[in-house]
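These notes concern the structure reproduced below.
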Amino acid sequence: MAEAEAAERRVLVAVDESEESMHALSWCLKNIVSDKFRDTLLLLYVKPPRAMSTALDGTGTRCYTEAYLFSSEVMLAIERYGNEVADCVMLKAKKLCSELADVKVETRMENGDARDVICQMADKLGADLLVMGSHGYGLIKRTFLGSVSNHCAQNAKCPVMIVKKPKSTANSQ
């Protein structure tokens, strides 16, 4: 009997400029992604909505308002900076993936509210698993900033792995 063909898996990793995000990617590379499964690693970076500022409406729901306070030159500079940050994050993420043998790596950059875009892209890209880091915000910060990982855990149509970065032990020695 012939050996069964390795299963194909699509693993989506949401990355951003945080240490927690890169830790989640590193953890995924060590513990989940494997050439035995013919994995495709999908790296997703979500840029915030262009020229938007976040506010909470009376119901506690996030709403976005256009920021008309800046000149077009300032807006272009902000956009350029956002693109540079996104490129830098993707370069760092791809560098972490560079030692993978037979794992295909694809990158995507999207715009919008990260909570919604990550869930939509997991569905659109046919992800078998979504991996993301947790910032570990406390109750107050989470209330005001929202928890992207919690939102995705509740709303993504695929399994979600939330990887927490261990607390540093450097001070305890």
Side-chain angles (χ1 to χ4, degrees), residues 7-54 62 64 77-138 141-142 144-168 170:
E8 292 183 44
R9 301 186 307 179
R10 295 176 65 77
V11 180
L12 176 63
V13 181
V15 294
D16 62 22
E17 51 279 353
S18 71
E19 287 181 31
E20 292 83 2
S21 163
M22 290 301 144
H23 174 75
L25 175 57
S26 294
W27 188 92
C28 178
L29 295 172
K30 290 176 192 160
N31 296 287
I32 295 176
V33 175
S34 169
D35 58 358
K36 294 176 187 173
F37 292 98
R38 292 193 345 208
D39 287 337
T40 297
L41 184 63
L42 308 160
L43 302 174
L44 173 65
Y45 180 88
V46 181
K47 294 190 279 185
R50 189 179 147 227
M52 299 280 189
S53 61
T54 305
R62 236 181 246 262
Y64 293 93
I78 291 170
E79 178 112 7
R80 260 193 313 272
Y81 175 74
N83 290 335
E84 288 171 11
V85 169
D87 290 341
C88 216
V89 168
M90 282 303 198
L91 187 63
K92 186 175 181 180
K94 286 193 276 188
K95 188 174 181 181
L96 280 173
C97 300
S98 65
E99 294 181 19
L100 295 174
D102 293 324
V103 177
K104 185 177 176 185
V105 178
E106 297 177 8
T107 60
R108 292 290 298 250
M109 282 192 227
E110 299 291 332
N111 294 302
D113 183 328
R115 298 173 307 164
D116 298 325
V117 172
I118 293 169
C119 291
Q120 291 165 359
M121 292 308 294
D123 189 37
K124 181 178 179 179
L125 297 173
D128 296 300
L129 176 66
L130 168 59
V131 177
M132 55 195 322
S134 172
H135 288 275
Y137 292 143
K141 278 188 177 178
R142 195 169 54 244
F144 287 103
L145 299 175
S147 171
V148 175
S149 58
N150 184 56
H151 178 85
C152 292
Q154 299 299 318
N155 295 288
K157 294 179 182 176
C158 65
V160 178
M161 173 75 64
I162 300 171
V163 180
K164 290 184 81 168
K165 185 173 186 265
K167 301 249 188 248
S168 175

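The chain is numbered in sequence order, starting from 1. Note that the coordinates shown come from a computational prediction; the quantities given were computed from them, not determined experimentally.
For the pair C88/E17, no side-chain contact is recorded, criterion being any heavy-atom separation below 4.5 Å from C-beta on. Between H151 and D116, the closest side-chain pair of non-hydrogen atoms falls below 4.5 Å. Under the 4.5 Å side-chain criterion, counting only non-hydrogen atoms from C-beta, M90 is in contact with V15. The shortest distance between side-chain heavy atoms of Q154 and V160 does not fall below 4.5 Å. Looking at V89 and M22, their side chains come closer than 4.5 Å, going by heavy atoms from C-beta outward.
Contact between V85 and Y45 at its shortest, heavy atoms only, is CG1-OH, 3.5 Å. The two residues C119 and A156 make their nearest non-hydrogen contact at SG-N, 3.8 Å. A pairwise comparison of heavy atoms in C158 and A127 identifies CB-O, 3.4 Å as the closest pair. Between G133 and A24, the closest heavy-atom pair is N-CB, 3.5 Å.
Here CE of M161 is found 13.0 Å from CE of M132. Values are rounded to the nearest 0.5 Å. Distance check, rounded to the nearest 0.5 Å: CG of L129 to CD1 of I32 gives 5.0 Å. Atom CG of residue L130 and atom CD1 of residue I162 lie 8.5 Å apart, to the nearest 0.5 angstrom. Here the NZ atom belonging to K92 is positioned 12.5 Å from the SG atom belonging to C97, to the nearest 0.5 angstrom. Taking CZ from R9 and CZ from R38, the interatomic distance works out to 12.0 Å, rounded to the nearest 0.5 Å. To the nearest 0.5 Å, the span separating NZ on K30 from CG on L96 amounts to 9.0 Å.
Within the structure, the salt bridge (Lys or Arg N to Asp or Glu O under 4.0 Å) test picks out the following pairs touching residues 121-131 (sequence neighbours left out): D123-K157.
Remark: the backbone N or O of L41 is not paired with any side-chain donor or acceptor of D39 at under 3.5 angstrom. Counting only distance, with no hydrogens or angles, the side chain of R10 and the backbone of L42 share no donor-acceptor pair below 3.5 Å.
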**Item:** Intermediate values then yes/no, salt bridge (charged side-chain N to carboxylate O under 4.0 Å, His left out), R108 and E106
**Value:** CA-CA 7 Å; R108 292 290 298 250; E106 297 177 8; over 6 Å; no
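For K94, there are no salt bridge (charged side-chain N to carboxylate O under 4.0 Å, His left out) partners two or more places apart in sequence or in a different chain. Here E19 pairs with K165 under the salt bridge (charged side-chain N to carboxylate O under 4.0 Å, His left out) rule; sequence neighbours left out.
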